[in-house]
Amino acid sequence: MEPIMAIVVGLLYAAAVYMMLRRSIVKLVIGLMLLSNAANLLIFTSAGITRGAPPLIPEGMLSPDGVVADPLPQALILTAIVIAFGVLAFAVVLIHRAYNIIHTDNLDHMKDTDT
Amino acid sequence: MQLAVLVIFLAAILTPWIYGQSKTRAAQVLAIVPALLTLWFASHIPAIADGNILIHEYHWIPGLDISFTMVLDGLSLLFALLICGIGTFIVLYAGAYLKGHENLGRFLVILMSFMGSMLGLVLSDNLITLFVFWELTSITSYLLIGFNHQSAEARKAALQGLIVTVGGGLALLAGLVLLASASGSYSLQEIFNSNTMLTEHPLYVGMLICLLLGAFTKSAQFPFHFWLPNAMAAPTPVSAYLHSATMVKAGIYLLARLQPELGGTELWMLVLTSFGAFTMFTGAFMAIRSTDLKKLLAYSTVMALGTLTLLLGIGTELAMIAFAAYLLAHSLYKGALFMLAGIVDHEAGSRNVNELGGLRKLLPVTAICTAIAALSLAGIPPLFGFVAKELLLESLIEGPTGYIVFALVMASAVLVVAVAAIVAIRPFYGAFQAPKDAGEIHEPPKGMLAGPIVLAGLSLIAGLLPFWVGDFITFPASEAVHGGRLDGYLALWHGLNLPLLLSVISIGLGILVYRSWDGIRERLQVLNPIIVRGPESGYFRFMDGIVWLAEWQTRHLQNGSIRNYLRTIILVFVAITGYTLLVRYQIHWNWDINPAFHELVAVSILVTGAAAACLTHSRLGAVAAMGVVGFSIAFIFILFSAPDLSITQILVETLTVILLVLVLFRLPSFSNISTTSERIRDAIVALLTGLLMTLLVMITIDIQLFAPISDYMIENSAPLAYGRNIVNVILVDFRALDTLGEIFVLALAAMGVYAMIKFNPSTAPGSNHFAGTLILPPKEVPEEDIVHSLEEIHQKMLEQQKILEAEPADQEVPEEHVEAEQEKRKGNDTPDSKEDR
Amino acid sequence: MMKPGTIILYTAARYIVPLQLLFSIFLLLRGHDEPGGGFIAGLVASGAMALYLFTFGATVTRDLLRVDPRNLIGAGLFFGMISIFPALLNGEPFFTAQWWPIPLPGGGELKLSTPLIFDIGVYLTVFGSVMLMLIALTETEER
């Protein structure tokens with residue numbers, strides 16, 4: 001399954017980068033969302049994929065039955081998902097604010113107000 | 001000992017309060033702290049003199065091998081006594097010198113913080129702790145040099161000092177890390193006690209260069225000496241304390257501390273003796289050119305620092321004895337001389353020796369103290385300076401140095417006698433001359449005189465009782481530097497020998513130089529063009545270079561277009577990472593997989609969703625497509641054993657939709673502005689990134705560079721952390737610190753959102769500036785630039801491809817046009833917005 | 001957008017919200033052993049309140065919450081921070097987990113511990129952050 005997932009990750013990244021390179025600022029937001037999803041899948045896949053063995057320990061035992069999925073990347077991704085949400089909210093509101101102030105959604109026009 | 005450092009910092013924290021209680025008495029009260037500490041350190045003299053070492057252990061961050069352990073041996077004790085002892089008088093002096101100054105309170109806070117940092121520096125056993133204190137002294141020094149912050153000169157000097165010393169500090173950090181990795185420990189005591197031969201270690205040369213860079217910049221060795229004379233922009237107490245007695249000796253301290261481990265090699269000897277001797281001569285030579293009292297003293301400090309480096313470089317037993325003696329002698333007389341120069345400046349109104357004269361009758365005590373201290377500076381018996389100078393010459397004759405070094409030292413010895421004579425005689429003898437009237441000049445308050453009297457007195461007493469001083473104070477320090485017991489004693493009279501003869505010659509020549517000083521100075525003007533091109537011009541060229549580089553890269557890389565940034569970043573990333581991956585690793589495509597049908601379905605839905613999000617022209621469509629992507633990822637998480645992730649993903653996906661509904665639909669709909677060629681270029685960039693990521697995943701799956709730490713977590717989750725959900729145990733127990741950081745990030749993001757929503761620039765206190773940006777009134781986007789529907793986009797595409805006759809309205813306004821318009825608008829609008837307020 | 005909800009939504013919200021909040025606390029407490037935990041529970045609680053928010057609007061939701069979401073964030077971070085210190089008091093490196101199990105009547109056991117305090121901190125921070133953003137956004141919408 002890994003090669004397929006690797007290709008999927010690559011496609012997600014390509015989609016994300018393409019969207020982030022658009023001039024419309026709304027597309028940038030979509031690109032950001034795709035990027036965080038792609039990154040999560042990247043970590044998830046590179047740690048190796050395990051089917052049907054969640055990192056849980058059965059009740060009354062001290063260690064899991066047999067091989068389980070690597071819990072560490074899962075922990076990392078879990079926080080990453082929540083933070084990505086926070087960052088997305090920040091980005092969306094920032095963009096909204098910027099739009100209200102300078103009234104353009106074209107990234108190339110936005111640079112004019114730098115100075 | 002940790003307490004000693006903490007007490008000083010505590011005093012610094014309490015200073016504003018004390019200062020508030022009594023503006024005049026604050027300094028006297030504060031001086032009690034270093035005075036008591038001096039007594040406390042003095043009480044350890046007998047034990048240390050017996051060869052004991054006092055160690056107070058305190059573990060700070062054991063995981064990183066960083067401790068707060070402090071060690072008191074001979075060298076540390078000598079420094080601690082100097083820091084606290086001179087510090088006491090400096091605080092008193094500062095209280096009188098800056099009496100009535102509005103910022104005296106702030107000055108005392110920084111001065112006390114410096115004292116604490118410096119004490120911490122000389123007592124620390126841990127390299128990292130030492131470095132932290134080292135940088136603290138640089139920062140406090142910066143604040144003190146720039147104390148008169150209204151003066152541009154002071155600010156410039158402060159920044160110069162900071163850049164030079166902190167730049168060196170960076171090299172020092174590298175050196176310390178190399179040292180620790182070569183010796184295997186961050187503790188100085190452990191490094192001394194281990195058997196590793198650091199001098200034969202392959203990292204030795206690199207380590208030495210880094211450490212020397214740190215030490216040389218801090219201790220103003222050639223070619224970094226230029227910052228020290230400029231630092232004289234600081235108030236006099238600071239010059240006396242930081243820039244002669246203590247801080248500039250930090251580099252020397254470090255070299256002395258590491259001498260037993262790193263010293264003794266050819267390289268060490270060559271570098272230290274040559275730089276030391278050259279610094280010595282530079283200092284003495286530059287001093288003779290100056291007429292400002294403080295500059296004279298500053299350059300002679302540079303000379304003294306060079307001497308100390310030279311002695312460390314020589315490295316013989318005698319040189320070590322000379323080192324400690326010279327260190328003590330210099331701190332005593334130079335501290336006194338600086339304070340006296342400050343008194344002259346304060347009372348007579350000038351520091352220029354050519355504007356002063358005949359002050360002896362008006363300032364008798366000052367004149368006597370100056371004479372004593374200057375005699376010590378010149379190395380004339382029976383002062384301690386003479387003892388030190390004799391030892392210096394003796395170790396030079398015995399030591400393995402060449403004739404050039406010897407000649408440089410002799411020349412400096414001659415010049416320094418002249419400097420001493422200038423300082424002691426010029427302002428005080430001859431016809432009366434001063435910017436102020438004779439009636440206004442009188443002896444300063446006791447607080448200012450106490451320091452010079454005691455220090456000059458100590459120079460005299462130490463000179464008369466060298467045996468006693470040697471046994472109790474300088475010998476333990478010499479032994480710490482040498483790393484073993486030393487035989488010998490300090491004496492005023494060594495008999496009729498070569499050093500004495502050389503001393504007499506240097507004194508004689510020095511007096512000759514003094515007599516014809518004015519003439520010599522004029523003739524030295526010839527050399528000015530060379531001196532102007534000295535190391536300081538290198539500093540300025542370096543600073544100019546930084547500005548030029550910043551301008552260049554701002555123009556080319558930071559031109560304000562986010563998309564250019566992104567493209568540059570991505571392409572650089574793809575090139576570097578891709579190159580490394582392809583060169584170093586091989587990819588194994590293991591197609592031996594049997595994916596289940598539902599897995600393939602999930603994956604293909606995911607890809608379709610992503611593609612749809614890219615291609616759709618409606619916002620609703622894009623949000624829906626993103627939902628599809630999110631939920632199919634959640635499904636993939638479930639399929640591959642990550643239930644927690646799946647739940648989180650689903651919940652976040654739901655909240656994201658809410659968020660997008662709330663905000664995104666108040667933004668304009670997708671406008672399609674890019675041309676086809678731009679789109680193709682971006683697609684290529686995007687596909688390259690995607691390809692790289694695919695390769696990256698394939699390679700990382702195969703490679704295992706380190707043993708995974710998750711095994712430990714899986715095994716110990718239940719027995720140690722009593723939790724059966726390993727993911728959650730990692731989050732709240734094993735890696736709780738990470739999680740703590742992450743919830744802070746989340747909270748910050750929420751705060752940012754809140755602030756952006758609630759903050760209204762037009763009503764907020766302040767102005768029409770928002771985050772430094774002038775807020776422009778709504779910019780009218782021409783209606784034809786906003787695209788509302790698919791048909792319009794289609795229309796536009798047709799127009800661009802010249803299939804349909806376009807209306808003459810210009811779609812793409814040329815860049816300059818836009819800017820010109822902007823300027824015009826800005827000009828028109830600024831007055832309006834002011835009226836609004 | 002924030003018109004009064006339909007009668008079905010109105011009724012559903014009134015019954016679902018308390019249930020979902022209870023469920024989030026259940027997820028929080030069992031998180032150490034089964035799927036769940038502070039992040040997930042915080043998100044579930046936020047989801048519940050978001051439903052309420054859509055149904056009744058920002059003012060009513062603020063009243064229901066009683067505390068300002070900013071205070072929730074503060075409390076969460078505070079809980080996260082104080083869970084560091086018990087270890088220091090015991091002389092262990094900071095963040096070492098401390099356990100004080102309390103037996104419950106009926107054979108059960110309440111695993112009171114610093115990780116639990118920490119998880120509560122995470123819960124409150126996530127909940128507070130999401131609520132802060134959503135309520136603020138809704139309020140501008142209503143204005």
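Proteins get letters first, then strands, A, B, ... in listed order; numbering begins at 1 in each.
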[X] and [Y]: which non-hydrogen atoms are nearest, and at how many Å?
{"X": "A718(B)", "Y": "I57(A)", "value": "CB-CD1, 3.8 Å"}
{"X": "A14(A)", "Y": "A686(B)", "value": "O-CB, 3.1 Å"}
{"X": "A75(A)", "Y": "L731(B)", "value": "O-CD2, 3.7 Å"}

Which atoms of [X] approach chain A - backbone, side chain, both or neither, heavy atom under 4.5 Å:
{"X": "I709(B)", "answer": "side chain"}
{"X": "E742(B)", "answer": "both"}
{"X": "L660(B)", "answer": "side chain"}
{"X": "I570(B)", "answer": "side chain"}
{"X": "L639(B)", "answer": "backbone"}
{"X": "L606(B)", "answer": "side chain"}
{"X": "A642(B)", "answer": "both"}

State whether the side chain of Q74(A) and the backbone N or O of I726(B) hold a donor-acceptor pair below 3.5 Å, judged by distance alone. no

Is there a donor-acceptor pair under 3.5 Å between the side chain of S46(A) and the backbone N or O of I701(B)? no

Should the ring pair F640(B) and F44(A) be called parallel, tilted or perpendicular, given that the plane angle runs from 0 to 90° and is split at 30 and 60? tilted

Among [options], which residue has the highest count of heavy-atom pairs closer than 4.5 Å to chain B?
{"options": "I77(A), V92(A), T45(A), V17(A)", "result": "V17(A)"}
{"options": "V87(A), I4(A), N40(A), V9(A)", "result": "I4(A)"}
{"options": "L94(A), V29(A), L11(A)", "result": "L94(A)"}
{"options": "L88(A), I49(A), T50(A)", "result": "T50(A)"}
{"options": "L21(A), L34(A), L76(A)", "result": "L21(A)"}
{"options": "A91(A), G31(A), A53(A)", "result": "A53(A)"}

Heavy-atom pairs under 4.5 Å with chain A, option from A683(B), P643(B), A611(B) with the top count: A683(B)

side-chain hydrogen bond (donor to acceptor under 3.5 Å, both in side chains) against N564(B), all qualifying residues, sequence neighbours excluded: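 Once residues adjacent in sequence are excluded, the partners of N564(B) under the side-chain hydrogen bond (donor to acceptor under 3.5 Å, both in side chains) criterion are R567(B).
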
Pair listing, salt bridge (Lys or Arg N to Asp or Glu O under 4.0 Å) test, anchored in residues 55-64 of chain A, at least two apart: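 Sorted result for residues 55-64 of chain A: E59(A)-R724(B).
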
